Amino acid sequence: MGHKALLKEAAQAVDLSRNALYKLARAKKVPFLRVGNRYIFDIELLEQSLREMALQNVRQPEPPEYGKIRAIR
């Protein structure tokens with residue numbers, strides 16, 4: 001496992017604001033460990049998670065399926 005860091009240090013390591021990283025953690029979009037009121041991040045896992053999130057943003061949507069009947073909503 002990689003370097004462990006608290007919220008402030010982890011946010012600096014991945015170039016995010018503390019508030020942005022806190023919101024991602026609260027939404028359970030990035031891996032973290034909570035001990036009391038402290039959020040502890042593994043920097044390597046955090047970077048990997050952010051890379052995966054970025055890749056999801058650039059993936060192309062599935063092309064429409066022509067010739068199939070579908071409900072119009």
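The first residue of the sequence shown is numbered 1, and numbering continues consecutively from there. Everything numeric here is computed off the predicted structure, so don't read it as measured data.
Shown here for P31 and F41, the closest heavy-atom pair between the two residues is O-CD2, 3.5 Å. When all heavy atoms of F32 and A25 are compared, the pair lying nearest together is CE2-O, 3.0 Å.
Between L55 atom CG and L50 atom CG the span is 11.0 Å, to the nearest 0.5 Å. Separation of atoms CG (D15) and CD (E47) is listed at 11.0 Å; rounding is to 0.5 Å. One distance of note links CG of L21 with CD of E9; it measures 11.5 Å at 0.5 Å rounding. The NZ atom of K4 lies 9.5 Å from the CD1 atom of I40; values are rounded to the nearest 0.5 Å. The CD atom of Q48 sits 13.0 Å away from the CE atom of M53 when rounded to the nearest 0.5 Å.
When hydrophobic clusters are built by joining Ile, Leu, Val, Met, Phe, Trp and Tyr residues whose side-chain heavy atoms come closer than 4.5 Å, directly or via intermediates, V30 is not grouped with I43.
Ring planes of Y39 and Y22: perpendicular class, angle over 60° (limits at 30 and 60°).
R26 places no side-chain N or O within 3.5 Å of a backbone atom of K28 that could act as its donor or acceptor partner.
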